[in-house]
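Notes for the one structure printed next.
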Amino acid sequence: MQSVEMDDHTAEYWARQLRIGAAMAAVVTAIGGVRIALEWEGADRWWLLPVLLAVAAQVAIFPLPWARLVRQERTRWWLTAWWLGEMPVMLLFGFVDPDGWMLYVPAVVLLLITAAALWSPRFVITLGVMSVGGYALLLPYRAGANAGTTLVLVAMMGCVVGLTALYAKSRRALDNRRRVAEQRAETLLAASADAVIAIGPDGMVVYATESITHMLGVPKQRLVGRNFSDLMPAERVVPAQKFLDDLMALPLGQSLRSESQLQAADGRWVYVDVLATNWVAAPDIEAAVISLRDIGARRVLEDKLHVQAFTDSLTGMPNRALFRQRLAEAVAGADDDRPVTVLLLDLDDFKLVNDNLGHSAGDELLTTIAGRLRRHVRPSDVLARLGGDEFAILMRDLEPGDAAALAERLVRTIREPIRLGSRDVTCSLSIGIATAAAGDHQGDQLLGNADLAMYAAKRAGRNGYAVFDPTMTMSVLEEAQLRIDLEQALEREEFAVLYQPVVDMQTQSVTSVEALVRWNHPRDGLLGPYHFIAAAEANGLIVPLGRWVLREACAQLARWRAESPAAATLKINVNLSARQFQYAGLVDDVAGALHDAGLDAAALTLEITESMLMEDIETAKRTLHALRGLGVRLAIDDFGTGYSSLSYLKQLPVDVIKIDKTFVDDVDTDADDVALVDAVAGLGQALKMQTVAEGIETDAQWATLRRLGIDHGQGYLFGRPADPEQIRALLNGVSTISA
């Protein structure tokens with residue numbers, strides 16, 4: 001008999017066969033008892049008592065927990081003795097009973113069949129030799145058979161033995177193949193990062209792979225037999241039970257997906273992605289099979305992006321998105337009669353600090369001002385940086401006079417000199433104040449009123465404040481004039497496109513250029529996009545302006561390619577505004593620009609900001625797929641400044657991730673920025689997307705980003721926005737663009 005470590009399947013099989021064998025033995029023994037009672041002489045019928053005891057014993061062993069007992073080596077040796085002991089008993093009965101030689105054959109065959117279902121071929125042959133030998137003795141002694149008849153019957157009996165031995169061999173081979181297949185499956189599951197558990201209809205864990213140990217630090221043996229709710233936080237038990245109930249109600253083989261938490265052995269909670277399939281009605285499984293994937297690292301990145309989406313990275317304050325959310329909640333408080341006050345703060349001439357002292361000095365100035373503002377707000381107030389040099393304060397239960405007094409204090413505080421390096425810098429502040437009762441205004445309207453008041457303060461000479469007055473809506477007329485100016489600028493072709501190089505991070509060779517629009521204003525000179533893009537976006541002129549930039553950029557790339565072999569592989573990047581991205585004719589505009597320029601679609605990359613995508617993800621997906629159908633490449637610009645789920649990101653046909661400058665500024669000194677850029681680089685590799693870092697200004701930033709595996713870079717280190725002639729010279733190696 002071969003000694004093996006039994007698995008659950010084998011133990012259950014043995015238990016089933018032993019109960020069948022016990023039942024057969026009881027029946028055969030009972031038949032022998034009937035034979036004794038009916039045919040034996042009265043003096044010999046006392047044998048009926050031990051036979052009946054044997055029947056009772058065989059019936060009694062039927063319900064024993066054989067699935068547990070057969071795992072013990074000693075039990076299997078006793079079972080071997082039981083089978084071997086049956087043979088002499090049957091032989092003795094054959095000699096004692098006048099017709100026992102006839103009962104001997106079926107009894108032996110049953111014994112061999114049951115033995116073949118459990119034991120090895122060698123053991124079956126041993127029993128067979130004993131049975132054939134006994135039969136050879138019984139035939140001449142009890143049946144009076146001659147030598148020829150005995151030889152024929154013994155030979156036939158030998159054939160039965162051979163067949164049962166072959167059956168035993170086939171069964172053993174099938175068992176081995178099943179065991180190898182199960183071991184292979186277990187090995188593959190154990191090597192997988194995903195853990196798999198099976199949960200029965202009663203909620204008990206009936207199976208778990210070794211991977212669960214790596215995930216939770218709990219041996220799988222300790223999980224099997226426990227209720228799945230023991231692994232979950234209390235607040236997740238009810239939703240998890242509903243999830244399981246919904247799963248059980250699905251048709252066989254259907255799946256559900258969710259995210260949850262499981263408690264590890266050390267007490268920590270592990271975030272997992274759950275893919276559950278209903279196999280309860282499958283007779284071979286009878287459980288819900290659940291695949292668990294540890295998504296802790298992904299959640300950390302998503303949480304970090306979520307924090308980034310609602311927190312200003314420079315000051316740590318709430319950003320515009322969170323401020324607008326808090327403002328909307330405040331003005332929607334219909335059951336709260338406290339007034340809602342917004343103070344909009346804008347630094348005067350902050351651009352001069354950036355231009356004269358550099359961005360680092362500008363950032364230090366903003367950080368210092370943020371600290372001063374914090375000292376003047378209450379814990380219940382919301383102080384936010386809306387972007388650039390603009391701050392806002394949301395307050396409740398504040399009278400107009402108190403708001404004006406606060407504004408005066410803030411103006412005085414900001415006027416105090418600030419030390420930047422070796423220089424003292426004095427700043428001024430323009431503040432707009434708007435107040436409304438809860439429920440009377442929309443949040444955007446109240447913020448817009450504060451914005452009008454702030455511009456009124458600037459027009460009044462700056463370094464002061466103004467309280468919103470309805471007459472300030474006259475500023476709308478100014479916006480209308482700006483619209484007229486923009487329309488005329490389009491007609492007179494006052495706009496120009498400059499191009500900033502995008503380089504390979506390893507070789508610094510130019511791989512593409514980004515098209516950047518400028519306005520040659522007849523009075524104010526060359527204006528950057530911050531002076532007119534927002535107005536164009538607001539009044540709808542951004543669509544024709546964006547269409548013109550797109551066509552001009554494609555035409556310019558075609559001219560470069562025609563004039564210079566060095567531009568043969570050059571690509572062009574064009575930004576899409578929010579309204580342009582929502583425009584129904586966008587795809588036709590792109591197709592027309594490519595066709596008229598004679599460019600292949602792969603030469604064009606369209607850049608869309610992360611926040612634009614998340615405003616309406618389903619519409620964005622349709623638009624992106626339509627653009628991808630043209631063959632153009634797609635990029636997410638300013639990645640990390642908005643909040644997007646990674647599960648959405650992998651569904652979008654995006655080729656490039658452009659990492660925002662805010663993550664690049666301190667990437668050579670800030671470990672958090674290094675970790676986040678490294679995570680985005682890994683995300684790009686995992687999703688097969690190229691990565692571009694924006695705003696690279698120093699060699700240290702370039703070296704760090706290159707080490708992290710960023711593919712391309714863009715910034716003043718490699719070149720400022722330049723006109724077409726400068727780009728042509730750069731491609732031909734005649735000159736470089738001054739950084």
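Each residue takes its place number in the sequence, starting with 1.
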Check against side chain to side chain donor-acceptor pair (under 3.5 Å), D637 and T609: CA-CA 5 Å; D637 197 11; T609 63; over 6 Å; no
Worked verdict on Q556 versus R559 for side chain to side chain donor-acceptor pair (under 3.5 Å): CA-CA 5 Å; Q556 182 58 61; R559 288 193 290 270; 2.9 Å; yes
Side chain to side chain donor-acceptor pair (under 3.5 Å) between Q580 and R547, worked out: CA-CA 8 Å; Q580 190 179 8; R547 183 186 302 118; over 6 Å; no
Worked check of side-chain contact (heavy atoms from CB on, under 4.5 Å) between I393 and L345: CA-CA 8 Å; I393 304 174; L345 300 77; 4.0 Å; yes
D668 vs T704, side chain to side chain donor-acceptor pair (under 3.5 Å): CA-CA, chis, key distance, verdict: CA-CA 6 Å; D668 55 325; T704 302; 5.8 Å; no
Residues T662, L314; criterion side-chain contact (heavy atoms from CB on, under 4.5 Å); working and verdict: CA-CA 8 Å; T662 55; L314 178 63; over 6 Å; no
Working for side-chain contact (heavy atoms from CB on, under 4.5 Å), residues W548 and V497: CA-CA 10 Å; W548 178 84; V497 180; 3.6 Å; yes
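In this structure a side-chain-to-backbone donor-acceptor pair under 3.5 Å is missing from R728 to A567. Counting only distance, with no hydrogens or angles, the side chain of W519 and the backbone of G528 share no donor-acceptor pair below 3.5 Å. Using a distance-only test at 3.5 Å, with no hydrogens or angles considered, no donor-acceptor pair links the side chain of D678 to the main chain of V674. Q701 places a side-chain N or O within donor-acceptor distance of the main-chain N or O of T698, the cut-off being under 3.5 Å. Judged by distance alone, the side chain of R385 and the main-chain N or O of G388 form a donor-acceptor pair under 3.5 Å. The closest donor-acceptor contact from the side chain of Q726 to the backbone of D723 lies under 3.5 Å. When atom types are taken as modelled, the side chain of T341 and the backbone of L394 share no donor-acceptor pair closer than 3.5 angstrom. Between the W560 side chain and the I727 main chain, no donor and acceptor come within less than 3.5 Å of each other. Between the side chain of T507 and the backbone N or O of S509 there is at least one donor-acceptor pair closer than 3.5 Å. For the pair N319 (side chain) and L322 (backbone), a donor-acceptor distance under 3.5 Å is present.
Ring centers of F532 and F495: under 6.0 Å apart, within the cut-off.
Tested against Y583 for a side-chain contact (heavy atoms from CB on, under 4.5 Å), the candidates D589, L576, T623, D588 yield a single pass: D589.
Cation-pi geometry between R720 and Y716 is satisfied (NZ or CZ under 6.0 Å from the ring centre, within 45° of the ring normal).
Contact of the T511 side chain with the V503 side chain is not registered, since no non-hydrogen atoms from C-beta on lie closer than 4.5 Å. Between I696 and F718 the shortest side-chain heavy-atom distance falls below 4.5 Å. P724 is listed as a side-chain neighbour of Y499, based on a closest heavy-atom distance under 4.5 Å. Side-chain atoms of V667 and F663, non-hydrogen and from C-beta on, never get closer than 4.5 Å to each other. Counting only heavy atoms from C-beta outward, the side chains of L634 and T605 never approach each other to under 4.5 Å. Using a 4.5 Å cut-off on side-chain heavy atoms (C-beta onward), I431 and V411 make contact. Under the 4.5 Å side-chain criterion, counting only non-hydrogen atoms from C-beta, V513 is not in contact with L557.
Atom CZ of R706 has more than 12 heavy atoms from other residues, nucleotides or ligands within 6.0 Å. Within 6.0 Å of the CD atom in Q506, the count of heavy atoms belonging to other residues, nucleotides or ligands exceeds 12.
Counting only N and O atoms by type, the side chains of H376 and T413 include a donor and acceptor under 3.5 Å apart. In the model, N732 has a side-chain atom that pairs as donor or acceptor with a side-chain atom of S564 under 3.5 Å. S428 and D348 form a side-chain donor-acceptor contact under 3.5 Å, judged by distance and modelled atom types alone.
Of all non-hydrogen atoms in G684 and T691, the two that sit nearest each other are CA-CG2, 4.3 Å.
The CG atom of L599 sits 11.5 Å away from the NZ atom of K571 when rounded to the nearest 0.5 Å. The distance from atom CG of L365 to atom CG of D389, rounded to the nearest 0.5 Å, is 9.5 Å. For the atom pair I433 CD1 and M395 CE, the distance stands at 10.0 Å (nearest 0.5 Å). For the atom pair I533 CD1 and L545 CG, the distance stands at 5.5 Å (nearest 0.5 Å).
D666 is linked by a side-chain contact (heavy atoms from CB on, under 4.5 Å) to T669, D670, D673, counting only residues two or more places apart in sequence or in another chain. The salt bridge (Lys or Arg N to Asp or Glu O under 4.0 Å) test applied to D424 returns R419, not counting sequence neighbours.
Ionic pairing of D600 and R561 is present here: one or more N-O contacts between side-chain nitrogen and carboxylate oxygen are shorter than 4.0 angstrom. The residues D312 and R320 are annotated as not salt-bridged, no charged nitrogen and carboxylate oxygen being separated by less than 4.0 angstrom. Salt-bridge check for E694 with K661: failed, with every basic side-chain N at 4.0 Å or more from each acidic carboxylate O. Using a 4.0 Å cut-off between a side-chain N of Lys or Arg and a carboxylate O of Asp or Glu, K658 and E514 qualify as a salt bridge.
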